Structures are given as structure tokens and as C-alpha cells.
Amino acid sequence: MAAQTLPPVTVLTDPITPQDGLNSARLVGVVVGTTVLYALSTYLLGKTWYTKRVPFHYFNDNNEWLQMDKVGHATTTYAISRGEYELFRWSGVPDRTAALTGGAIALLFQSTIEVFDGHSEGWGFSKGDMAANAAGVALFVGQQVGLGQQPLSLRYGFRSSIYPQYRPELLGRRRFAQLLKDYNGQQYWLSVNVASVLPVGPSFPRWLNLDLGYSGSGMTGGSANPPLYGADGRPLVFRRVRQFYLAPDFDLARLAPVGSTGHMLLGASQFLKLPTPSLEFNPRDGWRWHPLRAAAD
């Protein structure tokens, strides 16, 4: 039998080519806006969140939250890298420069938070968090510089969980706080653009993605659940489990003309996972089918 050969890989060296070169007004706006956002967020974090300062120290939290926080760090830096990249490309900055600048800004934002953690009582500088931050940047920059596109992307999704009611001070009292604190409700997705990784025909929808999702459930503490009791005085026992998902998704940026404002906005917002039917597996409940959004548990 003759050996089969794989089809050649098409590398997009510069997927967005500005029509009129560098747009100075847009570039100034992006630089000023990014600078103001960084300064304002740093100031507010220092005044509201990191109020008790201690000498700089390290903290190993790699075994906490079923590593959901580490996946979250990678997803955050990926999202910041891509968002800043899209803004700089929209301003006419060359592709490679925009990608490297976006990654550097993402590392700056997250490294600042890690330094705050290093001086925070009850926390500390986490090498695991920094490794996850670097991984998210590397995923974006590596693909953009090497391939000129993002066949793999990281996305964030959320569904309400039942656990914040038992530890609201840790998992969040209100929905906005739970979006950041409740790892039981967060979902992280590795989104694969099918047409970019498989030899499909020209009629295949280029916007179709397939997502692999990860989440956790049953967590009311970082590395272990503390003793909890119901209204009747009986102990509440929650089993901590990892959850894995498979779901279709969409690369909406591919629906807009390349180089347009619509393409920039859609590309920058790609970190949000749109609700779609999904198949879940976890060792506690086995296989579960979710018609649209995963059920709260």
C-alpha cells in the first residue's frame, strides 16, 4: 500500500493587513487607554484588595482548587494578550510587533498582581501562578508569531453553583464576586478551530470550533473542605471532583471582514464561551448531557 501524504499546511503570515498603514490616532488611543487602565486597576487593587502589607514572601498553592485557579491564570493572560493584540493590529501595528506587545502587557498586568500577592497577608507570590501566566502568553504569542493565526484558544464560561451559600466570604456573596471567586461555577475551555487543524474542504464552515472544557465541583476550601453543618446540625459532606466537557463553539471573528472594527471587537471578545450543548464526564456522576448550559451543582 502506498504511503499517504498529509496535505500542506497553510501558514498565514499576516492575517490582518491594514489598508492605510499605521493609524496614529487609534494607536495613541490604545496606548493611553491601556496605560490608564493599568494605573487605575493597580491603584484600586492597592487601596481596596491589598490593604494589609507584609514583607515579600512566597506561597505554594499548586494543590488548591483542583488547579482551576492555574487554568484561570493561563486563560486570563491569553485573553489579555489577544485583546491587546487585536487593538494594536486595529491601529495598524505590524502583526509580530502587536503579538509581542500584547503578550508583554498581559505579563505586566498579571505580574503586578502576583507582586501584590507577595506582599499580602494570608497570600504570597506563587511560582505556579506565574508559570500559568507565562503559559497563557506563550500559547497566544507562539501561535500568532509562528502560524499567523489562533487555531487553539482559551475561553471562560460560568454557571451558578450551590456552594457559595455555604462559604459566601470565600466563594462570593453576589454573582459578580462569584464570577471571580467560585471555582465550582467557572469553566475553562480549550477551543480548537476545526478548519485550521484538519484537512477539510473549502465548503466546511471556517467558524466552527470544538471545545474541550474543564471545571471542578464540591469545593468549599482550597486544598480540602472544612467541616460544614446544615440547619439540622448534621454534617455536610461534598465530594471534590474534576469535570470534563466536550462542546461545539464558534470563532465569530472569522465572520467579520479581516481588518475591520467588527473583526477587532469579535477577536478581542473571543475569551467568552458561548452557551452550547455539551457532554460532561466526572467520576461522581458519570456521563451527563447538557442541552445548553451545564446545570448548577
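It should be emphasised that the depicted structure is a prediction, and the values quoted were computed from it without experimental measurement.
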For this session: Answer with yes or no after comparing the ring centroid distance for F244 and Y214 against a 6.0 Å cut-off, counting only values under it.
Result: yes
Problem set entry | Pairs meeting criterion ring-ring contact (aromatic ring centres under 6.0 Å, His included) with involvement of residues 93-113, two or more places apart | Y38-F109
Exercise. Any side-chain donor-acceptor pair under 3.5 Å between E280 and N282?
Worked result: yes
For this session: Say whether R240 and S223, considering side chains only, have a donor N or O and an acceptor N or O under 3.5 Å apart.
Result: no
Problem set entry | Short side-chain to backbone donor-acceptor contact, Q186 and L180, under 3.5 Å | yes
Problem set entry | Option among L212, L198, L152 that satisfies the side-chain contact (heavy atoms from CB on, under 4.5 Å) test with V192 | L152
Exercise. How long is the gap from OG on S278 to CD on Q243, to the nearest 0.5 Å?
Worked result: 10.0 Å
For this session: Quick one: list whatever passes side-chain hydrogen bond (donor to acceptor under 3.5 Å, both in side chains) with Y156, sequence neighbours left out.
Result: none
For this session: Establish whether V197 and F140 are linked, either directly or via other cluster members, by ILVMFWY side-chain heavy-atom contacts under 4.5 Å.
Result: yes
For this session: Answer yes if V31 and I105 sit in the same cluster of Ile, Leu, Val, Met, Phe, Trp and Tyr residues linked by side chain heavy atoms under 4.5 Å apart, and no otherwise.
Result: yes
Problem set entry | F125 and F59: CA distance, side-chain angles, deciding distance, ring pair (Phe, Tyr, Trp, His ring centres under 6.0 Å) verdict | CA-CA 6 Å; F125 185 92; F59 177 67; over 10 Å; no
Exercise. In the single-linkage hydrophobic clustering (I, L, V, M, F, W, Y; side-chain heavy atoms under 4.5 Å), do V71 and Y78 co-cluster?
Worked result: no
Problem set entry | Under 3.5 Å side-chain donor-acceptor pair for N193 and N209 | yes
For this session: First locate atom CG of N225, then atom OH of Y166, and finally report the distance between them rounded to the nearest 0.5 Å.
Result: 12.0 Å
For this session: Determine yes or no for a side-chain-to-main-chain donor-acceptor pair under 3.5 angstrom, with R155 supplying the side chain and Q270 the backbone.
Result: yes
Problem set entry | Counterpart residues, side-chain contact (heavy atoms from CB on, under 4.5 Å), relative to V36 (two or more places apart) | V32
For this session: State yes or no: do F158 and W189 share one hydrophobic cluster built from I, L, V, M, F, W and Y residues joined by side-chain heavy-atom distances below 4.5 Å, directly or via other members?
Result: no
Problem set entry | Matching residue for T77 among L154, L139, V137 - test: side-chain contact (heavy atoms from CB on, under 4.5 Å) | V137
For this session: State plainly whether one hydrophobic cluster holds both F271 and Y85, where clusters connect Ile, Leu, Val, Met, Phe, Trp and Tyr through side-chain heavy atoms under 4.5 angstrom apart.
Result: no
For this session: May I ask you to decide if the ring planes of Y183 and W65 are parallel, tilted or perpendicular, using 30° and 60° as cut-offs?
Result: tilted
Problem set entry | R288 side-chain N/O to D285 backbone N/O, donor-acceptor pair under 3.5 Å | no
